[in-house]
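A quick write-up on the structure given underneath.
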Number of protein chains: 2
Amino acid sequence: MAAMIKSDFSAELPSVTDERPADARAEAFQGVREARRNELAEDYVELIADLIHEHGEARPVDIAAQLGVRAPTVTKALARLAREGLITRAKYRSVFLTDEGRALAKECRNRHEIVLRFLIRLGLDAETAELDAEGIEHHVSERTLALFKSYADRP
Amino acid sequence: MAAMIKSDFSAELPSVTDERPADARAEAFQGVREARRNELAEDYVELIADLIHEHGEARPVDIAAQLGVRAPTVTKALARLAREGLITRAKYRSVFLTDEGRALAKECRNRHEIVLRFLIRLGLDAETAELDAEGIEHHVSERTLALFKSYADRP
DNA sequence: GTAGAAAGTTAGCCTCTACTAACTTTTTGT
DNA sequence: ACAAAAAGTTAGTAGAGGCTAACTTTCTAC
Ligand SMILES: [Mn+2]
Ligand SMILES: [Mn+2]
Ligand SMILES: [Mn+2]
Ligand SMILES: [Mn+2]
């Protein structure tokens with residue numbers, strides 16, 4: 001009934017108090033959903049690259065330990081990454097990045113570092129910075145990343 | 001085989017090049033997964049509060065339009081929110097927030113605004129700021145939020 | 001007051017991401 | 001060299017979150 005009173009003068013026309021148009025907001029949410037679909041792949045390839053760098057190879061057991069998930073979860077995710085052309089692998093063997101996977105890993109590593117350095121530069125403790133960066137990194141546009149980098153790198 | 005050579009001197013002991021212990025990294029990833037589980041509820045209650053404020057009521061058709069999803073997706077999500085005690089509703093009627101839902105909405109709205117103002121203050125254009133804030137907000141700790149607020153509010 | 005439009009729900013489908021239990025393969029230690 | 005341990009896979013379960021198609025309810029205009 002509150003709606004009926006209101007609808008007398010502002011029902012189908014966009015109200016003045018309607019700060020953002022519906023489709024602009026929808027675009028933001030759609031962008032977030034899109035980013036979420038890439039998160040897993042990004043974290044995996046970044047981690048795989050790290051493991052190869054640190055241990056010479058990326059084994060599912062280590063991937064699982066670092067991500068805090070069980071082995072079958074990793075098996076399934078790796079099948080998806082292989083299907084998407086980011087990794088190659090053979091049964092019971094460790095994982096390799098394709099050129100595309102390596103490129104993505106490099107990009108993600110770079111972005112992760114910028115976000116992390118930015119947060120620390122802002123005054124955050126290193127531990128919390130690492131926790132937050134792991135989530136924030138996937139939702140930072142090119143422009144925002146550039147601003148983060150400038151701030152982190154400033155004298 | 002690279003691993004075998006390496007394992008001669010660094011196999012089971014944590015290597016010096018192993019920058020972060022596995023469980024610290026796992027903790028970060030677990031935190032992100034936890035945050036992701038709350039994202040949808042946070043966006044819904046924030047949006048519902050906005051709609052009630054702007055239009056006097058929150059109707060599923062408007063929720064769907066603003067989120068950029070189809071009506072049945074909203075029906076299902078609302079069932080979950082009701083199950084979780086964040087909203088109350090009756091069939092074919094609009095949605096109401098519980099006290100708990102209202103409190104969460106207020107918190108989310110506040111956080112969203114701080115992140116948004118922070119990004120704009122950093123030099124980002126308002127449109128991109130809105131897009132990024134919608135994703136970043138869910139991955140910002142209390143500490144980071146406090147730093148964002150200080151930066152946004154500084155003279 | 002009623003017919004048609006709009007809104008909402010239900011049913012059924014899909015993918016993704018997680019899990020456990022049970023099995024197979026590989027590696028390790030003696 | 002071979003038994004036991006560790007690593008990896010497969011199968012099956014579950015819930016979240018998206019969709020379309022078809023149905024029901026509510027609202028609106030006449
Ligand atoms: Mn991450
Ligand atoms: Mn990362
Ligand atoms: Mn959001
Ligand atoms: Mn928001």
Side-chain angles (χ1 to χ4, degrees), chain A residues 1 3-4 6-8 11-12 22 26 29-44 47-48 51 55 57-84 86-87 89-96 138, chain B residues 1-8 11-12 22 26 29-44 47-48 51 55 57-84 86-87 89-96 138:
Chain A
M1 8 333 262
M4 289 174 109
K6 225 183 178 230
S7 69
D8 290 345
E12 55 296 292
F29 285 121
Q30 277 161 346
V32 175
R33 287 197 296 272
E34 165 71 19
R36 248 194 313 242
R37 277 196 296 277
N38 303 322
E39 268 187 59
L40 194 105
E42 290 172 356
D43 284 336
Y44 266 81
L47 174 56
I48 289 164
L51 287 170
H55 298 111
E57 65 177 348
R59 302 164 76 224
V61 66
D62 293 325
I63 297 173
Q66 302 257 332
L67 290 176
V69 299
R70 298 295 188 170
T73 302
V74 172
T75 299
K76 233 183 233 178
L78 293 179
R80 194 191 122 197
L81 297 183
R83 181 159 33 88
E84 288 173 357
L86 295 169
I87 63 168
R89 58 177 327 223
K91 251 194 191 178
Y92 297 102
R93 295 263 102 102
S94 54
V95 180
F96 301 90
H138 309 282
Chain B
M1 315 81 184
M4 288 174 108
I5 293 163
K6 217 171 184 247
S7 70
D8 291 343
E12 54 296 294
F29 285 120
Q30 276 160 346
V32 175
R33 287 197 295 273
E34 164 73 19
R36 250 195 310 244
R37 276 195 296 276
N38 302 323
E39 269 188 57
L40 195 105
E42 291 172 356
D43 285 335
Y44 266 80
L47 174 56
I48 289 164
L51 288 170
H55 298 18
E57 64 177 349
R59 304 164 75 225
V61 66
D62 294 325
I63 297 172
Q66 302 257 333
L67 289 176
V69 298
R70 299 293 188 171
T73 302
V74 172
T75 300
K76 228 183 239 181
L78 293 178
R80 195 190 122 196
L81 296 182
R83 182 159 32 90
E84 288 172 0
L86 295 169
I87 63 169
R89 58 179 323 224
K91 253 196 193 181
Y92 299 100
R93 296 262 99 104
S94 53
V95 181
F96 301 90
H138 310 282

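Below, read A as the first sequence line, B as the second, and so on, with proteins coming before strands; counting in each chain starts at 1.
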Residues from residues 30-41 of chain A lying under 4.0 Å of DNA chain D - heavy atoms: A/R33
In terms of side-chain geometry, is the basic nitrogen of A/E39 or A/R36 positioned less than 4.0 Å from the acidic oxygen of its partner? no
Could you tell me which residues satisfy side-chain hydrogen bond (donor to acceptor under 3.5 Å, both in side chains) with B/R89, sequence neighbours excluded, listed by chain and number? none
Gap between atoms NZ and P, on B/K76 and D/dA16 respectively (whole Å): 10 Å
Show me the pairs that pass salt bridge (Lys or Arg N to Asp or Glu O under 4.0 Å) and involve residues 59-73 of chain B, at least two apart or across chains. B/E57-B/R59
Restricting to side chain to side chain contact (heavy atoms under 4.5 Å, CB included), what partner residues turn up for A/L40, sequence neighbours left out? A/Y44, A/A77, A/R80
What is the distance from CG of B/L81 to C1' of D/dA16, rounded to the nearest Å? 12 Å
Residues that B/R93 engages under side-chain hydrogen bond (donor to acceptor under 3.5 Å, both in side chains), provided they are two or more places apart: none
5' precedence on DNA chain C between A/E84 and A/V69 (nearest-nucleotide basis): A/E84
Check salt bridge (Lys or Arg N to Asp or Glu O under 4.0 Å) between B/R33 and all other residues, then give those that pass, not counting sequence neighbours. none
Check this one for me: any side-chain N or O of B/R70 less than 4.0 Å away from OP1 or OP2 of D/dG18? no
Scan A/T73, A/V74, A/T75 and name whichever one has a side-chain contact (heavy atoms from CB on, under 4.5 Å) with A/P60. A/V74
Can you sort out the partners of A/R83 under side-chain hydrogen bond (donor to acceptor under 3.5 Å, both in side chains), two or more places apart, ordered by chain and number? none
A/R80 CZ - D/dT10 P separation (whole Å): 18 Å
When every nucleotide of nucleotides 3-9 of chain D is labelled 5' to 3' by its protein contacts under 4.0 Å (heavy atoms), B for base, S for sugar-phosphate only, - for none, what sequence of letters results? ----SSB
Side chain proximity check, B/I63 to B/L67, heavy atoms < 4.5 angstrom: yes
side-chain hydrogen bond (donor to acceptor under 3.5 Å, both in side chains) involving A/Q30 - partner list, sequence neighbours excluded: none
Between the first and last five pairs of the helix from C/dG1-D/dC30 to C/dT30-D/dA1, the angle of the axes, rounded to 10 degrees: 20°
Residue list, side chain to side chain contact (heavy atoms under 4.5 Å, CB included) with A/Y92, at least two apart or on another chain: none
